[in-house]
Amino acid sequence: MRSPTIPRLSLSANAIHKFCFQDKSILPPPTPNHHLQQLSESRIISLLDSCTHLNHLKAVHASIYRCCLEQNRFVLTKLIRVLTNLNSPINGYPRAIFNQVQHPNCFLWTALIRGYVVSRLFHEAINLYDCMKRDCVRPNSFTFCTLFKAATLMGDVGLGCQLHGELFKLGGFGGSGFFLHAGNTLIDLYVKCGVMESARNVFDEMPVRDVVSGTSLIVAYAKGGAMEAAMELFDELDVKDVVVWTAMITSYSQNARPRDALEMFERMQGCAIEPDEFTLAGVISACAQLGTTKYSMCIRDIAERSGHGPERNVFIGSALVDMYSKCGRVDDAYAIFKVMRERNVYSYSSMILGFAVHGRAVEAMQLFCEMKKTDIRPNRVTLIGVLTACSHAGMVEEGRKLFKTMEETYGVTPTGDHYTCMVDLLGRSGHLEEALDLAKSMPIEPHGGVWGALLGACSIYNNPETAEIAASHLFELEPNNIGNYVLFANILSSAGKWDGVSRVRKLMRIKGLKKNPACSWVEGKKGIIHEFFAGDQTHPRFREIKQVLEDLLTRLRLHGYQPNLVSVSYDVSDDDKRQILMTHSEKLALAFELLSTESAHTIRIMKNLRICEDCHIFMCGASKITEREIVVRDNLRFHHFRDGSCSCGNFW
DNA sequence: TTAGGGTTAG
């Protein structure tokens, strides 16, 4: 029954006074001139609504005193809700108010139960619900909402089922829609407990296919990767508001389907639904994945115009930092970061990682030092960023030190991804043996990323023996990852081990794996994407492209450029190798950009695979003789070619 | 007067 610390009150005015006002720090007794102040009920409710601090209650406490005497359950229910929202200890003032009501109704019970749920005193809340039933007070939709919320917070799906049964006995979700809200909360409970079938059953049982519960289900489907089911449900909803549209957009974005996310965004605008800051954060994230600038600029404009600029909104700001960095504009990303008034671990992590993948390790480390002076704790993603910075700049000692102390200093236990960064750092800097030892001595089973990093390092240092070890693990862990086979075959071919190359190619044939074609793309005027595949001669301007490349080659040769024939992993003649090198996708894209852009324009090329050795040397030379800045994003990082050298310092 | 949607890596 009721808490033993608070006895049932007699209804004398003195007793009410004592229990309502005994704690002077919460609410001092009314002064004589406020005594029994005559405010109307609606005025009291409105004053209660505007309270944002317990002290504000002083303005109405004489009226509250009167409401206690008059047993005004409506005002007292509101008061308990307000006290709960202002974090007043539930067993103190709110409980005292409840206890002096002679016949509490369903609303008053529910307000009290809610207070206990908000205070995370779940068992007391459930006990009160039992008391309420014993007093023959019929629960309503709000009561069930509150109880389902408690079950959700407790993760107690059994309790949820039991309450579901009781609600069903009271008439289910009803034709009147009376229990609609409770149904939504129940669906949310089943969804959060991972019982999708029950959630769907409740949804199908409800008389109205409500957009709120529909959104819960859509998000749950999307989290499980079932985007088709999510889309189907979305199409079935009669009413679609900005929240459910946003849920679809961010779900596509989180499932690495940025084009679908942007398509949904355009559909939403077609339906004249205004995006809010939630929508924009999701759309910006999709733009970041695509790495295309034009669309991203438009979204930034929309954000600024609708008052959700990076200065005001930390979600938008962080998303913009990430987007600019992924579009190859790390300086723009930093400009955004600097104007943000609020920053969180996402903002810092995105910026640190941005500097890291753009080869600006010193700035990444400086920002990390700056972050450590704030109250924001680095998390596992931040540390991946810092280790990546060390890796791309060959800062071996700094990386070793951070990796050794990260658990103790930041409370982050190294995951497989942190080991990947470390193996990458050691491997890239030539410490192949130490990298191998680290992979072998991991306390957790190394995933494909770890062995992949080692294989990458073996490719840089032409070490087919260690590559053999890494590849054998990779072929077991990721039997269908074509990239591993190709990289291993390249390592063997560079070492002239043609027997090994045929062995790997045969393995690929048996498994039916086909090479992922190398592809580079650039963004033309009006955001049009021009794609170039390796060896592809079908572009309408191919003749001109070829001519530009030949001219460039002649000039580069005068500066000492020699084609790097080892970059071709086919057993063909040197002449053929030279031909193949000249049709690598990033070179085609470069020539196209030289043809179609002004001389002051920075050339930005995206590539799906790692840039090859020959193209890297070629781009360095091209940046010098054309006096153009060239930015190439490969599958892992950005290369900024300027005046004959690259920001990666040849560590990639 | 209760309920559904947001940013970093992989």
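Sequence lines set the chain letters: A, B, ... in the order given, protein chains first and strands last, and positions in each chain run from 1.
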What nucleic acid atoms does Thr279(A) come within less than 4.0 Å of, heavy atoms only: base, sugar-phosphate, or nothing?
base
Sugar-phosphate, base or nothing in reach of Ser349(A), heavy atoms under 4.0 Å:
base
Using a cut-off of 6.0 Å, state whether more than 12 heavy atoms not belonging to Glu197(A) lie near its atom CD.
no
Using residues 364-377 of chain A as the side-chain source, report each donor-acceptor pair under 3.5 Å to any protein atom, sequence neighbours left out, with the distance given to one decimal.
from      : atom 1 : to        : atom 2 : distance (Å)
Thr374(A) : OG1    : Met371(A) : O      : 2.6
Thr374(A) : OG1    : Ile376(A) : N      : 3.1
Arg377(A) : NH2    : Tyr410(A) : O      : 3.3

Between Trp109(A) and Phe98(A), ring centroids under 6.0 Å:
yes
Looking for any heavy atom pair under 4.0 Å, which part of the strands does Val381(A) touch: base, sugar-phosphate only, or nothing?
base
Using a 4.0 Å heavy-atom cut-off across all strands, classify Lys240(A) as base, sugar-phosphate, or nothing.
nothing
I'd like to check the ring pair (Phe, Tyr, Trp, His ring centres under 6.0 Å) partners of Tyr419(A); sequence neighbours left out, ordered by chain and number.
Phe403(A)
Footprint ends on DNA chain B, 5' to 3', for atoms under 4.0 angstrom from a heavy atom of chain A, come out as dT1(B) to dG10(B)
When all nucleic acid strands are considered with a 4.0 Å heavy-atom cut-off, which category describes Arg380(A): base, sugar-phosphate, or nothing?
base
Just to be sure I understand the rule, does Glu342(A) reach a base, reach only the sugar-phosphate, or reach nothing, if contact means heavy atoms closer than 4.0 Å?
nothing
So which heavy atom on Ala470(A) is nearest to which on Trp451(A), and how close?
CB-O, 3.7 Å
Parallel, tilted or perpendicular: rings of Tyr129(A) and Phe144(A) (30°, 60°)
perpendicular
When all nucleic acid strands are considered with a 4.0 Å heavy-atom cut-off, which category describes Val211(A): base, sugar-phosphate, or nothing?
base
